[in-house]
Trainee: 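My structure is below; once you've seen it, I'll send some questions.
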Amino acid sequence: MAYWLMKSEPDELSITDLARLKNTRWDGVRNYQARNFIRSMAEGDEFFFYHSSCPEPGIAGIARITAAGYPDPTALDPDSHYFDAKASTEKNPWTAVDVSHVETFKKVLGLGYLKQQTALAELPLVQKGSRLSVMPVTAEQWVAVLALR
DNA sequence: GCCAACGTTGGC
DNA sequence: GCCAACGTTGGC
């Protein structure tokens, strides 16, 4: 089983929303590097749910992949914020997965706090200039974050 | 293929 | 709202 970290703006989807929704489609990823990681995900993989672009950026909890990658329908929906005019049913370059809630942390592990952890120095999240919204997490990094809860 | 201009992300 | 950093676009 692999581990990941995925960013979401809590205004769009927060860990609390996910807990209420049970099973949810994770769509709208429009960056090739992030998409490639999405495509390597398997059912049962777990990921840290990161709140971005909000008053308290940080890891808010854990969620699980419940369905591996499939064509992202929002790319074909003209009413969607994520609509891609160049995508078609035959050729849709974008990928979505289904996810469900696992755990909400008692408190958000803030970005500044995460940056202080030497065990997380290699995590793209804490590296300068990194804007990657989906990234792999090693088993060591996973355990290190769990210990901060 | 280069690279300037522009758009986006995301912390602060 | 600002701005640094990165990605994408498009002229040449």
Side-chain angles (χ1 to χ4, degrees), chain A residues 2-21 24-41 45-65 68-138 140-149:
Chain A
Y3 298 110
W4 310 92
L5 181 147
M6 297 213 276
K7 296 181 185 174
S8 176
E9 301 188 13
D11 286 351
E12 289 287 318
L13 179 75
S14 72
I15 188 83
T16 312
D17 296 333
L18 186 61
R20 184 168 37 80
L21 291 166
T24 304
R25 188 175 66 218
W26 195 287
D27 53 31
V29 172
R30 295 292 179 270
N31 168 280
Y32 284 104
Q33 203 182 349
R35 182 211 63 184
N36 291 342
F37 287 132
I38 293 252
R39 286 186 175 177
S40 355
M41 291 175 177
D45 285 1
E46 292 190 323
F47 64 95
F48 289 128
F49 194 113
Y50 181 89
H51 284 172
S52 68
S53 297
C54 60
E56 196 183 11
I59 296 177
I62 300 174
R64 177 183 290 117
I65 306 300
Y70 56 90
D72 181 347
T74 64
L76 308 176
D77 176 6
D79 295 326
S80 171
H81 175 63
Y82 301 115
F83 177 65
D84 178 359
K86 285 177 278 187
S88 64
T89 313
E90 298 73 28
K91 263 201 151 185
N92 183 347
W94 305 115
T95 303
V97 287
D98 288 348
V99 306
S100 69
H101 179 267
V102 173
E103 177 182 339
T104 301
F105 293 167
K106 290 200 174 56
K107 60 182 171 85
V108 172
L109 305 177
L111 180 60
Y113 184 49
L114 298 172
K115 282 182 175 170
Q116 292 171 25
Q117 312 301 320
T118 44
L120 302 178
E122 300 302 314
L123 190 64
L125 180 76
V126 303
Q127 284 167 10
K128 193 186 166 197
S130 172
R131 301 183 320 188
L132 198 56
S133 61
V134 179
M135 68 193 74
V137 172
T138 67
E140 291 77 13
Q141 290 164 345
W142 184 264
V143 168
V145 171
L146 292 185
L148 301 173
R149 286 177 294 176

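Lettering of chains follows the sequences in order, A, B, ..., and the numbering in each one begins at 1.
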Trainee: Ignoring hydrogens and angles, tell me if any N or O in the side chain of A:D27 forms a donor-acceptor pair with the backbone of A:P73 under 3.5 Å.
Mentor: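 No; judged by distance alone, with no hydrogens or angles, the pair does not exist.
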Trainee: Does A:S8 use its side chain to pair, donor to acceptor, with the backbone of A:L13 at less than 3.5 Å?
Mentor: yes
Trainee: Does A:R30 come within less than 4.0 Å of A:D72, counting only side-chain N to carboxylate O?
Mentor: yes
Trainee: Restricting to ring pair (Phe, Tyr, Trp, His ring centres under 6.0 Å), what partner residues turn up for A:F47, sequence neighbours left out?
Mentor: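 Result, ring pair (Phe, Tyr, Trp, His ring centres under 6.0 Å) vs A:F47: A:W26.
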Trainee: Test of understanding: with side chain to side chain donor-acceptor pair (under 3.5 Å), list the residues that count as partners of A:Q117, not counting sequence neighbours.
Mentor: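 For A:Q117 there are no side chain to side chain donor-acceptor pair (under 3.5 Å) partners, ignoring immediate neighbours.
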Trainee: Atom pairs, N/O to N/O, protein against nucleotides 8-10 of chain C, distance under 3.5 Å?
Mentor:
| from | atom 1 | to | atom 2 | distance (Å) |
| --- | --- | --- | --- | --- |
| C:dT9 | OP1 | A:K86 | NZ | 3.2 |

Trainee: Across nucleotides 2-7 of chain B, 5' to 3', mark each nucleotide with B, S or - according to how protein heavy atoms within less than 4.0 Å reach it.
Mentor: -----B
Trainee: Please find the pair of heavy atoms, one from A:E56 and one from A:V108, that lie closest to each other, and give the distance.
Mentor: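 A:E56 and A:V108 have their closest heavy atoms at O-CG1, 3.8 Å.
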Trainee: Okay, side chain of A:S40, backbone of A:F37: is any donor-acceptor separation there less than 3.5 Å?
Mentor: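 Confirmed, A:S40 side chain pairs with A:F37 backbone.
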Trainee: Is it true that A:F83 and A:H81 have ring centroids separated by less than 6.0 Å?
Mentor: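 Not under 6.0 Å, so no.
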Trainee: Estimate the overall bend of the helix from B:dG1-C:dC12 to B:dC12-C:dG1 from the end axes over five pairs each, rounded to 10 degrees.
Mentor: 10°
Trainee: Is there any ring pair (Phe, Tyr, Trp, His ring centres under 6.0 Å) pair reaching into residues 86-133 of chain A, and which pairs are they, with sequence neighbours excluded?
Mentor: A:Y32-A:W94
Trainee: Check for a donor-acceptor pair, side chain of A:S130 on one end and backbone N or O of A:P124 on the other, with a separation under 3.5 Å.
Mentor: yes
